[in-house]
Number of protein chains: 2
Amino acid sequence: MSVHDITYDVRMARWEPDAQNRLRDAALTLFADGGYERTTVAEIARTAGVTERTFFRHFADKREVLFDGQARLQDAFVGAVTAADGDAAPMTVVATALDAAAALFPPERRAFARQRAGIVAANPGLQERELLKLATLTDAMADAFRRRGLAEPTASLTAHTAVVVFHVAFAQWISPDEQRSFADLCRSATEDLRTVTAS
Amino acid sequence: MSVHDITYDVRMARWEPDAQNRLRDAALTLFADGGYERTTVAEIARTAGVTERTFFRHFADKREVLFDGQARLQDAFVGAVTAADGDAAPMTVVATALDAAAALFPPERRAFARQRAGIVAANPGLQERELLKLATLTDAMADAFRRRGLAEPTASLTAHTAVVVFHVAFAQWISPDEQRSFADLCRSATEDLRTVTAS
DNA sequence: TACGGTGATGTCATCAACTGACATCACTGG
DNA sequence: CCAGTGATGTCAGTTGATGACATCACCGTA
């Protein structure tokens with residue numbers, strides 16, 4: 001459905017609603033179609049029916065339009081760590097947090113995740129942003145572990161462990177022909193990591 | 001020594017030599033002095049006695065001027081992994097690689113590392129670039145581990161393990177009042193990580 | 001009903017980061 | 001002596017990003 005198909009209420013709004021979603025959808029489509037770099041912000045804004053200035057009111061920069069699901073991921077991770085039994089061992093908490101995160105990536109999302117990953121993989125600037133989001137997530141988790149009483153550097157190492165497993169499992173999840181669920185891949189990667197560090 | 005103190009040979013060169021080093025030095029000084037964002041590339045170039053265009057011939061972008069030591073770090077890591085005994089356990093190889101990397105950070109470099117880290121920490125864009133360099137390093141190490149016969153995802157997990165330990169130990173190394181050597185911090189962090197993952 | 005505040009948007013001007021195309025000219029090898 | 005090379009300069013242009021100010025539907029309230 002295009003912008004021109006919208007039916008108006010009697011009370012006409014000054015602007016079509018949901019500019020942020022329109023911008024995100026326009027950006028996704030244009031990136032997938034013509035590539036990230038060849039797509040200008042002006043073009044995205046025009047497609048969404050707003051001005052370039054409005055784009056930058058909704059997203060801090062051009063990259064950010066691809067990264068606004070990260071808040072939910074961080075909430076899932078940090079929430080699980082915070083809610084975990086105070087006596088649980090670090091790796092038990094990590095496993096719980098990974099389960100909570102995995103719930104955000106059901107099988108239906110895999111196709112979309114693959115498309116998005118393709119866009120990100122094709123542009124170093126987008127990879128940088130993705131890595132910054134993961135680093136922010138790591139910091140937030142380390143904080144949560146410190147609140148549980150873990151000292152440094154153990155808190156940071158535990159947070160990094162969780163994020164590394166997530167990262168590696170995610171890469172497997174979106175790789176071609178992969179069938180296993182994200183949660184299974186997390187559990188398997190956790191076990192592999194355990195084996196490696198014990199070697 | 002400033003640019004104006006150079007003594008010329010009988011055969012005058014068309015331009016003063018070493019433009020790249022002059023640019024890097026100028027950038028470091030200006031960043032430390034006025035902050036990264038408030039320093040323009042034009043200003044760096046002017047200080048180094050070249051044009052803005054020449055800056056971009058030596059560095060791919062403004063950030064890159066702070067990150068051209070990474071090649072040596074990657075060589076140290078990958079070289080150690082490649083040179084390690086083919087039968088050695090992954091964590092033994094990781095320890096060897098960390099020792100090789102630690103040799104690049106002797107006590108004399110700590111003050112400089114702290115100053116540079118201060119600049120990077122104050123700017124998200126620079127953090128992104130640093131993370132991208134670490135990710136590139138991780139990929140290169142994973143490659144080296146695969147060449148040793150490790151399968152996925154073990155190769156990636158092992159490479160991530162090495163880089164996480166490096167990263168956490170580095171953060172400790174440059175933290176205020178820290179006295180221990182980088183190599184010691186790496187060994188200690190490795191041991192902590194072992195304990196965490198075994199929990 | 002009138003009216004003042006609010007918020008999402010538009011308009012305009014400006015800057016800084018980059019890039020492509022082409023010119024310059026000391027140096028070098030034959 | 002001359003043609004080629006490479007590091008640099010010059011210049012024009014695009015794009016991302018930001019500040020300042022205007023607009024006007026909507027909402028609550030007198």
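Numbered from 1 within each chain, the chains take letters A, B, ... in sequence-line order. Predicted, not measured: the structure shown is a model, and the values here were computed from it. Scope of the values below: all heavy atoms of this structure, side chains included, with no hydrogens, waters or symmetry mates.
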Close approaches to DNA chain C from residues 31-43 of chain B, in residue order (heavy atom, under 4.0 Å):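 Contacting residues: B:T39, B:T40, B:V41.
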DNA chain C contacts among residues 123-130 of chain B, heavy-atom distance under 4.0 Å: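 Listed by number, there are none.
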When the distance from [atom1] of [X] to [atom2] of [N] is rounded to whole Å, what number comes out?
X	N	atom1	atom2	answer
A:D18	C:dA8	CG	P	13 Å
B:L23	D:dA7	CG	C1'	13 Å
A:E52	D:dA17	CD	C1'	8 Å

Residues in ring-ring contact (aromatic ring centres under 6.0 Å, His included) contact with B:F67, at least two apart in sequence or another chain: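 Testing B:F67 for ring-ring contact (aromatic ring centres under 6.0 Å, His included), a comparison that skips the adjacent residues, returns none.
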Non-neighbouring partners of B:F59 that pass ring-ring contact (aromatic ring centres under 6.0 Å, His included), sequence neighbours left out: B:F55
For [X], all residues meeting side chain to side chain contact (heavy atoms under 4.5 Å, CB included), sequence neighbours excluded:
X	result
A:T190	A:M91, A:L98, A:V165, A:R194
B:A19	B:R22, B:V50, B:H58
A:A89	A:T92, B:S199

side-chain hydrogen bond (donor to acceptor under 3.5 Å, both in side chains) partners of B:S156, counting only residues at least two apart: B:E152
Test side-chain hydrogen bond (donor to acceptor under 3.5 Å, both in side chains) applied to B:E128 - qualifying residues, sequence neighbours left out: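 Listed in chain order: A:R63, A:R129.
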Residue-phosphate contact under 4.0 Å: B:T51 side-chain N/O, D:dG9 OP1/OP2: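 It does, given that an N or O in the side chain of B:T51 lies less than 4.0 Å from OP1 or OP2 of D:dG9.
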Contacts of B:D143 that satisfy salt bridge (Lys or Arg N to Asp or Glu O under 4.0 Å) - sequence neighbours left out: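 Result, salt bridge (Lys or Arg N to Asp or Glu O under 4.0 Å) vs B:D143: B:R146, B:R147.
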Plane angle bin for B:F182 and B:F170 - parallel if under 30°, tilted between 30 and 60°, otherwise perpendicular: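 Judged by the thresholds at 30° and 60°, the geometry between B:F170 and B:F182 is perpendicular.
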Contact residues, residues 53-66 of chain A to DNA chain D [heavy atom, < 4.0 Å]: A:R53, A:F56, A:R57, A:A60, A:D61, A:K62
Qualifying salt bridge (Lys or Arg N to Asp or Glu O under 4.0 Å) pairs, either residue in residues 68-84 of chain B, two or more places apart: B:R24-B:D68
